[in-house]
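Computed from a predicted model, the values in this text were never measured in an experiment. Just so you know, residue 1 is the first one in the sequence shown, and it goes up from there.
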Amino acid sequence: MLDRSSTSPSPLADWRLQAPDAVLLRRFGYVRAVGAVAWTVLVVLLVAQYGTRALPLALGVPVLLIVTAIYFARSLRYPRTMVTVSLVADAIVLFSAIAFFGGTGSGLILVYAIVVVSAGLLLGPASAAGFTLVCLLLGFAQLGLEQLGLTPAVLHRPALLDRLLILAASGAGLVSVGYLSATYASRLHELIADAGLEAARVRDRGWRRSRYVDQAGAAVRDQLGELEGLASELERGDVDASRRGELAAQLRIGVGELEASVSELADVAALGGLRDARPQPVRLPPVVDDCRRALAERLADHVVTVDVPELRVVGDPRAARRVTYNLLENAADHTPPGTRVHIAARTGAGQGVLVVTDDGPGVPADHEATLFDPPDEREPETVGLPLVRELCEEMGARVHHERPPGGGARFVVSFRLAPAAAPSGDEPEPGRGAANRPTGLPGSTAPDR
């Protein structure tokens, strides 16, 4: 949902004319068509009953039919204009009906509520307020016409005071309807806007995840092809012992990379569940320790230092490990041997912050803006950092990149801070060492370096 201020705005605060969506426009068109047919039938009955005195009402028939036809043809392109024109036409037709039946002495100006409510539902509070004023003015115009001698065919009250009192009471009721319509229309349009934004987010998340699956699946296929090639070479009889050892090492590394890609696919599949999962305290030290162990082979030629005090953050254990793993994997893959990689954690402003810094070549300036973009806007193999952003968003965390003063790259993950005494699912058990802790990460049984 949208992030809203704690102070609720006035229901009439937004005076912009809203644009109804296609569904509302279509349904209002159906209502107009039914209304035009109903009015035509009513005019036929009135002419049969009152003769030529009811003929002025017949002018409303072509008005409604023409406006409705134009509405169906142009409403999708000009929604505000066509709805406004349609409501003005409705008000004029209702004016003729009120003038015929009872004028201001009958209280029939309350039928203008149809126009006022429609205006609020379709165009928002500003339209409801505007059409309330228009309909009140039409009521007083009717009073003036009656004083000039254009009296209703039925239900006429000759006394001006009687008509004034009834007009005042009906006008008060119409104002009340206008206020209620504007109030509830404001909230309705907020909900429609929220629903539209949420639907767009869902579509965007689904599209990104399909891209992650495609890219991670492609990586798995490529890695399987490489492993098959290594296995085929091992089967050859002319491979000497030293080459066999080299191929065996490449196979082990390839298996670890394949496990990482498969685990990445599993993380993508679990993304939808993260949003609905109940947040829980996660201890950062074992998360970092597990990821270091899982990447021990690939970080063997790097100088890795850790400064992560006992710190608990709010998140998901698997997602927190995957985020940390991907950031360390990024350092292992994109920095040369001998690079210093420093993993630190700190607290501040209610947040627990994990920082991974390296003194490698850093991120090229022209790539900084797209580091966390969906896969289709990047190189095919770079799924890790976009997935990091997705995992962080699902946990309620944030990730961003910085340039350290001395060069290199720094990735900062900001979690919500959990209470220090909050129980965590990965508390060490008596007699059980950290090395035996299950992690769910690929290569987690590798020795620490």
Give the intermediate values and the outcome of side-chain contact (heavy atoms from CB on, under 4.5 Å) for residues T357 and I343.
CA-CA 7 Å; T357 307; I343 312 164; over 6 Å; no
Give a yes or no on whether the backbone of L25 and the side-chain of Y71 come within a donor-acceptor separation of less than 3.5 Å.
yes
Could you grab the distance from atom CZ of F411 to atom CG of L328, nearest 0.5 Å is fine?
11.0 Å
Quick one: does V177's side chain get under 4.5 Å of T132's, heavy atoms only?
no
Tightest non-hydrogen contact, residues L354 and F415, listed as CB-CE1, 4.3 Å
Between R346 and D307, is the closest basic N to carboxylate O distance under 4.0 Å?
no
Identify the two heavy atoms, one from A331 and one from D358, that lie closest to each other, and give their separation to 0.1 Å.
CB-OD2, 4.3 Å
Is there a side-chain contact between C392 and V413 (heavy atoms, below 4.5 Å)?
yes
Could you tell me how the ring of Y30 sits relative to the ring of F72: parallel (under 30°), tilted (30 to 60°) or perpendicular (over 60°)?
tilted
With rounding to the nearest 0.5 Å, note down the distance linking NE2 in H400 to CZ in R389.
15.0 Å
Please check: side-chain N/O of S170 versus main-chain N/O of L167, any donor-acceptor pairing under 3.5 Å?
no
Is it the case that atom CZ in R27 sees more than 12 heavy atoms from other parts of the structure closer than 6.0 Å?
no
Would you say the side chain of D333 lies within less than 4.5 Å of the side chain of R298, judging by non-hydrogen atoms?
yes
Member of Q142, E146, R157 meeting the side-chain hydrogen bond (donor to acceptor under 3.5 Å, both in side chains) criterion with T104
E146
Value for CG (L160) from CG (L165), rounded to nearest 0.5 Å, stands at 9.5 Å
Would you indicate whether the side-chain heavy atoms of D359 and P404 approach each other to under 4.5 Å?
no
Closest non-hydrogen atom pair, A418 against V314:
CB-CG2, 3.8 Å
V47 and L55: CA distance, side-chain angles, deciding distance, side-chain contact (heavy atoms from CB on, under 4.5 Å) verdict:
CA-CA 6 Å; V47 170; L55 285 179; 4.2 Å; yes
Least distance between heavy atoms, P285 atom then P309 atom
CG-O, 3.3 Å
So CG of D90 and OG1 of T68: to nearest 0.5 Å the spacing works out to 7.5 Å
Distance-minimising heavy-atom pair for A320 and V287:
O-CG1, 3.8 Å
Answer yes or no: is there a side-chain heavy-atom contact under 4.5 Å between V282 and D316?
no
First locate atom CG of L87, then atom CG of L123, and finally report the distance between them rounded to the nearest 0.5 Å.
6.5 Å
When you look at L174 and C135, which way does the side-chain contact (heavy atoms from CB on, under 4.5 Å) test go after all the steps?
CA-CA 8 Å; L174 194 62; C135 292; 3.6 Å; yes
Answer yes or no: is there a side-chain heavy-atom contact under 4.5 Å between V363 and H334?
no
For a side-chain contact (heavy atoms from CB on, under 4.5 Å) check, start with the C-alpha distance between F28 and S86, then their side-chain angles and the critical distance, and finish with the verdict.
CA-CA 10 Å; F28 183 58; S86 299; 4.1 Å; yes
Heavy-atom check, side chain of F95 versus side chain of Y112, under 4.5 Å:
yes
Using every non-hydrogen atom in the two residues, find where A128 and G120 come nearest and quote the distance to one decimal.
CB-CA, 3.7 Å
Determine whether L57 and V93 make a side-chain contact, defined as any pair of heavy atoms from C-beta on separated by less than 4.5 Å.
no
What's the spacing between L94 CG and L138 CG if we round to 0.5 Å?
9.5 Å
Would a distance-only check, ignoring hydrogens and angles, find a side-chain to backbone donor-acceptor pair under 3.5 Å from S127 to G124?
no
Under a 3.5 Å distance rule, please check whether R416 uses its side chain to pair with a backbone N or O of G350 as donor and acceptor.
no
